[in-house]
Visitor: 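This is the structure I want to talk about, given as structure tokens.
Lettering follows sequence order; numbering is per chain, from 1. Only a predicted model underlies this, so the values are computations on that prediction, with no experimental measurement involved.
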2 protein chains.
Amino acid sequence: MDNIKSINSNLELNPNLSTDCVIFGFDFEKLNVLLIDRGIGSESNNANRLALPGNLIYDNENLDMAASRVLNELTELKDIYLEQVGAFGDPDRISKESDQEWLKSIRAKPEARVITVAYYSLVKMDDYAPHASSFAKSADWYAVNDIHELAFDHFEILQAALKKLKEKIRIQPLGFNLLPEKFTLGQLHKLYEAILEKSLDKRNFRRKILKLDILTNLDEKQVGVPHKPSQFFMFNEVNYKKLSETGFDNFGF
Amino acid sequence: MDNIKSINSNLELNPNLSTDCVIFGFDFEKLNVLLIDRGIGSESNNANRLALPGNLIYDNENLDMAASRVLNELTELKDIYLEQVGAFGDPDRISKESDQEWLKSIRAKPEARVITVAYYSLVKMDDYAPHASSFAKSADWYAVNDIHELAFDHFEILQAALKKLKEKIRIQPLGFNLLPEKFTLGQLHKLYEAILEKSLDKRNFRRKILKLDILTNLDEKQVGVPHKPSQFFMFNEVNYKKLSETGFDNFGF
DNA sequence: TTTGCAAAGTGTTCTTTTTACACTAAGTTA
DNA sequence: TAACTTAGTGTAAAAAGAACACTTTGCAAA
């Protein structure tokens, strides 16, 4: 954090206001989330060593920018889909002993609550290979379904982010943010199943998504796969914008 | 505000964290929102004298409770539907001159930003006759559609709340919170039209809402109306809960 | 070289939901 | 008693959703 401060040496971090990012990635199998290992936590329990990446907010920084700064500092990614989940501010949200330690380390008034404004973001997993940073001793992708506990109230935040993502993807085709430029319908299909946590009929899924006319068939096939190769598609942004303007509001899965 | 503080004299208000409530009401014609007149604002412009009711948050108070405290102090209502809209914290959100004045009056560090966590709530208009309070020189209902400007970034917050309400009512039948115990289908119909800002076919609306089986026909008619009297209905909470559990997720307007 | 494997790709039928649409009924007021 | 106002009702056509099975293609293993 020190080096961050030096970049902005004339600015003050607000000791009672932070942002946390739920960064989702998709590995073609399941939904993952990027967590940092704080290196502290109870001995009996590794789970609460893990936390969402987050940081305090500068006094003159707007919330969206703070979130994208956190994301950028950790992953070096820019222009990432970001959406606010909400504010979390239970006075006792930092009640676990291991969390208190951390609180002291950032020199916040220990008696005052830290409010966090949570965001979720969708990134192409290929674009970021986790590595340590100024920010985190270590950062890694974890399967969302394997997570049952996190530091602070981060588990609760994760669940809230998942809920928002589920709701949102039914209305707006966000999936492309989680896939590489080129992807197959099978991959997109699996992504929707992973997010919605239910299986979707293959033929119905294909018919529906193709009917939206927001995919461009690249006339290019997979190579080297031990089965019938799939066509590659890419997201057609122009058609998507047309569609949004004429007011589609249901992706209806 | 002083008398609030005296009630909680051992507690500290956080000068940089507030909550604002978008309190919606329905007068059988249109959607209304409860605004307070701060009594200050530019002379040329009355609009930015008006603001959402809000207040600073106590250091040890959770966010939801702070919002319902604000609502309760203003209206004396309890157990009101409340939902978080999100956090608003542009450093320049208090940039208008008239707003700066207000800032000084609450003795916040003028250089620091005030983050606000916004909520929206749905109240039965009959249950609250606006009156002055410790809280506001005056409070009144205003038609949502007539509002084009508010103090601070409150107009933006209002728009965000409206958007959330629209999204939510498509998924969950919230309308009952805005109507008296007994209401007619015509009133409910108008309410949906007001919130969704579009007209809905009368027959289709009735069929759909009745099919949900969450309304109890009270076998009681309007009296004294200069037209065919309507049946009164009430919300059937038991059936609604059954419905929620078996997982309805679409009210589909 | 043949066989097996694994995922791709493809249509039809039935059911449910949505949409569009117009007249009669009941009470009040003039 | 005529005029006005909102309540209340059904049907048909179109669209969307759900359920369902076999062929194709490329690779790998026998």
Side-chain angles (χ1 to χ4, degrees), chain A residues 26-30 169-171 173 179 182-194 196 198-234 243 246-253, chain B residues 26-30 169-171 173 179 182-194 196 198-234 243 246-253:
Chain A
F26 180 64
D27 61 8
F28 301 128
E29 286 294 330
K30 54 200 175 336
I169 205 168
R170 290 169 68 106
I171 294 175
L179 291 169
K182 299 193 303 192
F183 53 86
T184 72
L185 288 184
Q187 291 166 348
L188 189 61
H189 183 197
K190 271 220 162 116
L191 171 55
Y192 273 82
E193 292 187 327
L196 296 173
K198 69 178 181 188
S199 61
L200 302 168
D201 180 85
K202 181 165 58 162
R203 280 176 287 192
N204 294 339
F205 176 83
R206 289 173 161 250
R207 185 184 314 118
K208 192 159 184 179
I209 197 112
L210 288 174
K211 196 160 155 215
L212 292 176
D213 194 31
I214 53 173
L215 294 185
T216 303
N217 188 327
L218 294 174
D219 282 323
E220 190 190 332
K221 284 192 274 186
Q222 286 180 310
V223 289
V225 289
H227 53 75
K228 180 174 178 178
S230 178
Q231 290 287 310
F232 279 116
F233 288 81
M234 64 177 284
L243 186 60
T246 61
F248 87 113
D249 64 351
N250 206 322
F251 200 58
F253 286 102
Chain B
F26 180 63
D27 60 9
F28 301 129
E29 285 295 330
K30 56 202 175 331
I169 205 169
R170 291 170 68 105
I171 295 174
L179 290 170
K182 298 194 304 192
F183 53 86
T184 71
L185 289 183
Q187 291 165 350
L188 189 61
H189 183 197
K190 271 222 164 114
L191 171 56
Y192 272 82
E193 292 187 328
L196 296 173
K198 68 177 181 188
S199 62
L200 302 168
D201 180 86
K202 181 164 62 162
R203 278 176 289 193
N204 294 339
F205 176 83
R206 287 170 165 252
R207 185 185 313 117
K208 194 160 183 177
I209 199 111
L210 288 174
K211 196 162 156 213
L212 291 176
D213 195 31
I214 53 174
L215 295 185
T216 303
N217 188 327
L218 295 174
D219 283 323
E220 187 189 337
K221 282 193 273 187
Q222 285 178 313
V223 288
V225 289
H227 54 74
K228 179 173 177 178
S230 178
Q231 290 287 312
F232 280 115
F233 288 82
M234 63 178 285
L243 185 60
T246 61
F248 87 112
D249 66 348
N250 207 323
F251 199 57
F253 288 100

Visitor: Take the protein atom NZ of B:K202 and the nucleotide atom P of C:dC23, then report the distance between them rounded to whole Å.
Guide: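 My rounded result for the distance is 14 Å.
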Visitor: Nearest whole angstrom, please: distance from the C1' of C:dT17 to the CD1 of B:I209.
Guide: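 Checked: the CD1 to C1' distance equals 16 Å.
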Visitor: If you check every side-chain atom of A:N204, which of C:dG11, C:dT29, D:dA16 has the closest atom?
Guide: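 Of the options given, the side chain of A:N204 lies nearest C:dG11.
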Visitor: If only atom types and distance count, is the side chain of B:E220 paired as donor or acceptor with the main-chain N or O of B:F232 below 3.5 Å?
Guide: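 Between the backbone of B:F232 and the side chain of B:E220 there is no qualifying donor-acceptor contact (under 3.5 Å).
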Visitor: Think B:K221 has a side-chain N or O under 4.0 angstrom from the OP1 or OP2 of C:dG27?
Guide: yes
Visitor: Are OP1 or OP2 of C:dT19 and a side-chain N or O of B:K208 less than 4.0 angstrom apart?
Guide: no
Visitor: Look at the side chain of A:K228 and the base of C:dG9, then say whether one donor and one acceptor between them are separated by less than 3.5 Å.
Guide: no
Visitor: Starting at CZ of A:F205 and ending at P of C:dG9, how long is that distance when rounded to a whole Å?
Guide: 12 Å
Visitor: Out of D:dG8, C:dG9, C:dA26, which nucleotide sits closest to the side chain of A:R206?
Guide: C:dG9
Visitor: Would you state whether a donor and an acceptor, one from the side chain of B:R203 and one from the base of C:dA22, lie under 3.5 Å apart?
Guide: yes
Visitor: Would B:K211 and B:D213 count as a side-chain contact (heavy atoms from CB on, under 4.5 Å) here? Give the steps.
Guide: CA-CA 5 Å; B:K211 196 162 156 213; B:D213 195 31; over 6 Å; no
Visitor: Of all the choices, D:dT5, D:dT9, D:dC27, which nucleotide is nearest to the side chain of B:H227 once you look at every atom?
Guide: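 It is D:dT5.
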Visitor: So, is B:R207 near the phosphate of D:dG10, with a side-chain N or O under 4.0 Å from OP1 or OP2?
Guide: no
Visitor: Identify whether any heavy atom of B:V223 sits under 4.0 Å from a base atom; if not, whether one sits that close to sugar-phosphate; answer base, sugar-phosphate or nothing.
Guide: nothing
Visitor: Could you check how far CG of B:L210 sits from P of D:dT9, rounded to whole Å?
Guide: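 Roughly 8 Å, once rounded to whole Å.
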Visitor: Provide, to the nearest angstrom, the distance between the CZ atom belonging to A:F183 and the P atom belonging to C:dA7.
Guide: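 Interatomic distance, CZ of A:F183 to P of C:dA7: 20 Å.
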Visitor: Could you check how far CZ of B:F232 sits from P of D:dT6, rounded to whole Å?
Guide: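 B:F232 atom CZ is separated from D:dT6 atom P by 15 Å.
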Visitor: Do A:Q231 and A:L218 come within less than 4.5 Å of each other through their side chains, counting heavy atoms only?
Guide: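 They are not in side-chain contact.
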Visitor: Identify, between A:Q222 and B:S230, the residue whose nearest nucleotide on DNA chain D lies closer to the 5' end.
Guide: B:S230
Visitor: Whole angstroms only, please: what is the CG-C1' distance between A:L200 and D:dA16?
Guide: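 In whole Å, D:dA16 C1' and A:L200 CG are 15 Å from each other.
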Visitor: Tell me, with the steps shown, if B:L210 and B:F205 meet side-chain contact (heavy atoms from CB on, under 4.5 Å).
Guide: CA-CA 8 Å; B:L210 288 174; B:F205 176 83; over 6 Å; no
Visitor: Taking 4.0 Å as the cut-off, does a side-chain nitrogen or oxygen of B:K211 come that near to OP1 or OP2 on C:dT17?
Guide: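 It does, given that an N or O in the side chain of B:K211 lies less than 4.0 Å from OP1 or OP2 of C:dT17.
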Visitor: Rounded to whole Å, please give me the gap between NE2 in B:H189 and P in D:dG8.
Guide: 13 Å
Visitor: Apply the side-chain contact (heavy atoms from CB on, under 4.5 Å) test between A:L191 and each candidate in A:F26, A:F28, A:F183; give the one that qualifies.
Guide: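 So, applying the side-chain contact (heavy atoms from CB on, under 4.5 Å) to A:L191 and each of A:F26, A:F28, A:F183, only A:F26 qualifies.
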